[in-house]
There are 2 protein chains.
Amino acid sequence: MPETSENGTGRAADSVVRRLSAKIQAGEYSDGTPLPPERLLMEEFGISRTVVREAVQALSKQGLLEARPRHRPIVRKPGYDAAISALETVVSHLLKNAGGVKNLFDTRILVESALVRQAAQQAQRDDIAALKAALEANEAAIDDSDEFYRTDRAFHALLYEIPRNPVLPALHKAYVTWLAPQWSRMPRLHERNKANHGAHVQILDGILMRDPDAAEEALRRHLEQAWTQVCETFGEDL
Amino acid sequence: MPETSENGTGRAADSVVRRLSAKIQAGEYSDGTPLPPERLLMEEFGISRTVVREAVQALSKQGLLEARPRHRPIVRKPGYDAAISALETVVSHLLKNAGGVKNLFDTRILVESALVRQAAQQAQRDDIAALKAALEANEAAIDDSDEFYRTDRAFHALLYEIPRNPVLPALHKAYVTWLAPQWSRMPRLHERNKANHGAHVQILDGILMRDPDAAEEALRRHLEQAWTQVCETFGEDL
DNA sequence: TCATTCCTTTGGTACGACCAAACTATGGGG
DNA sequence: CCCCATAGTTTGGTCGTACCAAAGGAATGA
C-alpha cells in the first residue's frame, strides 16, 4: 500500500499537489503572487495540462491557492479562515437536514458560554474596554436595525477574540456565515433590538463582576431567546 | 455580483456539481451506489469528460462522493464526519505552523470543559452508567498502554455524546485524528496511565456530585497536564 | 463448484485544438 | 507628459480523441 490517498481521483496529480504545496510552503512561490501559467507548470513537472489543472483545483480546495474563475490562481498560505471556507459546501448540505441548524446553533451556545466564562475570569483591561465600546456602539444603533445587527455581531466577535486563539474568530465567522440565512431574514423589531442590547449588558455585567456563572447564564438566555425568535419566524424549522 | 463562487476553477463544472448534488440529495442516485460512468454522465449532461471529472472531484471533496483512486465514485449522503474529512487537508497545513497544535488543543480544552460542565448539570442515568463503564474499562487497561489509549479516547468520546448533538462526536473524532500525531508518538508510561486514569476519576466524580466547577477543574488539569507531557516529549513544539 | 483466463468496461493521462476573457503593448488625443 | 481607447497576445476553460492499465465480469476448464 503506497499512500494514504487523501485525494479524490488519480495519483499522478497527487504527486504534483505535494510538490507544489511544498514549493508554496517553502516560499518558492511567494504569497500573493499568481501561480505560473498552466502551460509552464506542465513543462516544469513534465505532465499534461490535465494533471496540472487537477492539481490546481485540489490545491485551491485546500486553501493554498485562491482561484477565481478566469484568473490566475493566487498563492495563499492558508489561515484558519480557509478552513471554514473548505467546510462551506458540506455544511450547506448538512444544514438542510432536519435539526441541522439547531445542532449547529447548540454548539454555538456551548462554545460561547465557555467563552464568556473564560472572559469573566481572564479578560484583560483592553478586552473589557473593547467590550464596553462595542456595547455602546450597539446601544447607539438600536434604532437602525441593519447597524444594530452589525454591532451585535461585533460584540459577540469580541468574545471570540479574548482568548487570543486565531481558531476562535474564524469559528465565529463560520457561525455568522452559516446561521445568517436564518438570522438575516428575521424581522428586525425595535423591541427585539432593545431586548438584545439589554442581554448584552447583562453579559458584560457578568464579565465585569468576574462572575462566570452570571455571565454564562445571561449569554445562554440571550442565545436561547434568539433561537426562540428564529423558531417563531420559521415555525417548524428544526 | 452573481455568485459566491465557492468553486476552484471553472464555472461549467459548477452547474454540473449543483445538478449532481441535487440528484444525490433527491435520492436519484441512491446512497452507497456507484455513480454512473463518466462517459454516461457526459452524455446525460451534454458536457465533456473534462468537466465531468472536475465535477466529480469537487463533489468528492465535498463528501458527497467517496472516490477511491481507480474505482467508481460511491454516492454518499454527507454526515457530520464528512465535514471533518473536508477539513483534513487544510488543517494538516495549519498544524504545521507554529502554535497550530496548541491553538487546536486549546479549543479542545474550551469545548471539553464546557461539555463536562454540561454533563455535571444534565447527564442522565444512562450517561452516567456509560461513563462509569468506560472508566472501569480504562482502569482495567492501565497495564496495556495501547488498550489504555483506546479506552481513554472512549471515555472522552462519551462526554461528546451526552448532549446528543451529532456535531460533537464528529468534533471529538476530529480532535483525536488531528492531535493523534502528537499523542500516539508519546511514550506510554505506566505512571502516566495511572495518573490519567486518576484524572478521569476526578472528572467523573465532579459529574456525579453535580458539581460543574469541580468537574471542569479536573478536566482542565487533566488536559493541561496532557499538553505538558506532549511538550516534554517534543520540546519547543509550539 | 471453484479457480483461471480472457474480454469488456471504465478511470487516469496525454495531446491538440479552439474560444473567450484577461492581460499587455501600442498609439492617439488631451 | 499623462490618460485612455484599441489591437494583439497570453492564458484559463472546454472539447474531442486516443491510449493505457486496472477493475469487473464472462467464459472456460479443472
Side-chain angles (χ1 to χ4, degrees), chain A residues 1-21 23-24 29-30 32-76, chain B residues 1-20 23-24 29-30 32-76 89:
Chain A
M1 198 159 299
E3 202 74 33
T4 51
S5 106
E6 89 289 343
N7 73 323
T9 48
R11 289 169 355 277
D14 217 18
S15 158
V16 179
V17 164
R18 270 194 297 273
R19 287 201 275 173
L20 264 180
S21 70
K23 277 176 183 283
I24 290 178
Y29 300 132
S30 319
T33 308
L35 207 64
E38 297 177 350
R39 279 144 174 117
L40 266 183
L41 290 176
M42 61 183 277
E43 185 179 321
E44 178 173 348
F45 290 102
I47 52 179
S48 72
R49 199 143 82 94
T50 310
V51 179
V52 171
R53 306 197 90 251
E54 200 169 329
V56 166
Q57 193 183 338
L59 285 172
S60 88
K61 288 266 171 201
Q62 295 181 23
L64 284 169
L65 295 180
E66 178 189 334
R68 292 174 307 163
R70 276 270 173 192
H71 295 260
R72 302 266 286 279
I74 310 251
V75 176
R76 288 279 178 235
Chain B
M1 202 158 299
E3 202 75 31
T4 50
S5 107
E6 87 289 345
N7 73 323
T9 48
R11 286 169 358 276
D14 217 19
S15 158
V16 179
V17 164
R18 270 193 298 273
R19 286 200 275 172
L20 266 181
K23 275 176 183 285
I24 290 179
Y29 300 133
S30 318
T33 308
L35 206 65
E38 296 176 350
R39 298 180 223 281
L40 264 183
L41 290 176
M42 61 183 277
E43 185 179 320
E44 178 175 349
F45 290 103
I47 51 178
S48 73
R49 199 141 83 94
T50 309
V51 179
V52 171
R53 306 195 90 254
E54 199 170 329
V56 166
Q57 192 183 337
L59 285 172
S60 90
K61 288 266 173 201
Q62 296 181 23
L64 285 168
L65 295 180
E66 179 189 335
R68 293 174 306 165
R70 275 266 173 194
H71 295 262
R72 302 267 286 280
I74 310 258
V75 176
R76 289 279 177 235
T89 50

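In what follows, chains carry the letters A, B, and so on, assigned in the order in which the sequence lines appear, proteins first and then strands, with residues in each chain numbered from 1.
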Please step through side chain to side chain contact (heavy atoms under 4.5 Å, CB included) for the pair A/Ile74 and A/Leu35, ending with a clear verdict.
-> CA-CA 6 Å; A/Ile74 310 251; A/Leu35 207 64; over 6 Å; no
Between B/Ser30 and B/Val75, is a side chain to side chain contact (heavy atoms under 4.5 Å, CB included) present by the stated rule, with each step listed?
-> CA-CA 7 Å; B/Ser30 318; B/Val75 176; over 6 Å; no
Measure the distance from CG on B/Leu41 to P on C/dT9 and round it to the nearest whole Å.
-> 17 Å
Rounded to whole Å, the CZ-P distance (A/Arg11 to C/dA14) equals 10 Å
A/Leu35 has an atom CG; how far is it from atom P of D/dG12, in whole Å?
-> 9 Å
Please check if the side chain of B/Glu38 supplies one atom and the backbone of B/Arg53 the other of a donor-acceptor pair under 3.5 Å.
-> no
C/dC15 P sits how many Å from A/Phe45 CZ, rounded?
-> 16 Å
Would you confirm whether B/Arg76, through its side chain, and B/Glu66, through its main-chain N or O, come within 3.5 Å as a donor-acceptor pair?
-> no
Euclidean distance, atom CZ of residue B/Arg53 to atom P of D/dG13 [Å, nearest integer] | 17 Å
Grab the CD-P distance between B/Glu43 and D/dG16 for me, whole Å please.
-> 12 Å
Counting side-chain heavy atoms from C-beta on, which of D/dT14, C/dA14, C/dT10 comes nearest to A/Ser48?
-> C/dA14
When you look at B/Val17 and B/Glu54, which way does the side chain to side chain contact (heavy atoms under 4.5 Å, CB included) test go after all the steps?
-> CA-CA 9 Å; B/Val17 164; B/Glu54 199 170 329; over 6 Å; no
5'-most by nearest nucleotide on DNA chain C - A/Ile47 or B/Pro73 | B/Pro73
Over how many whole Å does the gap from B/Ile74 atom CD1 to C/dG11 atom P extend?
-> 11 Å
Taking N or O atoms only and anything under 3.5 Å, show me the protein contacts with nucleotides 17-26 of chain D, one pair per line.
{"from": "D/dG24", "atom 1": "OP1", "to": "B/His71", "atom 2": "ND1", "distance (Å)": "3.3"}

Grab the CD-P distance between A/Gln57 and C/dG12 for me, whole Å please.
-> 13 Å
Could you check which of C/dT13, D/dG16, C/dT10 has an atom nearest any side-chain atom of B/Arg72?
-> C/dT10
What closest approach, in Å, do B/Val51 and B/Ala12 show between heavy atoms, and which atom pair accounts for it?
-> CG1-C, 4.1 Å
Identify every side-chain donor-acceptor pair in residues 40-48 of chain B under 3.5 Å, counting partners at least two apart or on other chains, and give the distances.
{"from": "B/Glu44", "atom 1": "OE1", "to": "B/Tyr29", "atom 2": "OH", "distance (Å)": "3.4"}
{"from": "B/Glu44", "atom 1": "OE2", "to": "B/Lys23", "atom 2": "NZ", "distance (Å)": "3.4"}
{"from": "B/Ser48", "atom 1": "OG", "to": "B/Thr50", "atom 2": "N", "distance (Å)": "3.4"}

5'-most by nearest nucleotide on DNA chain C - B/Pro36 or A/Gly46 | B/Pro36
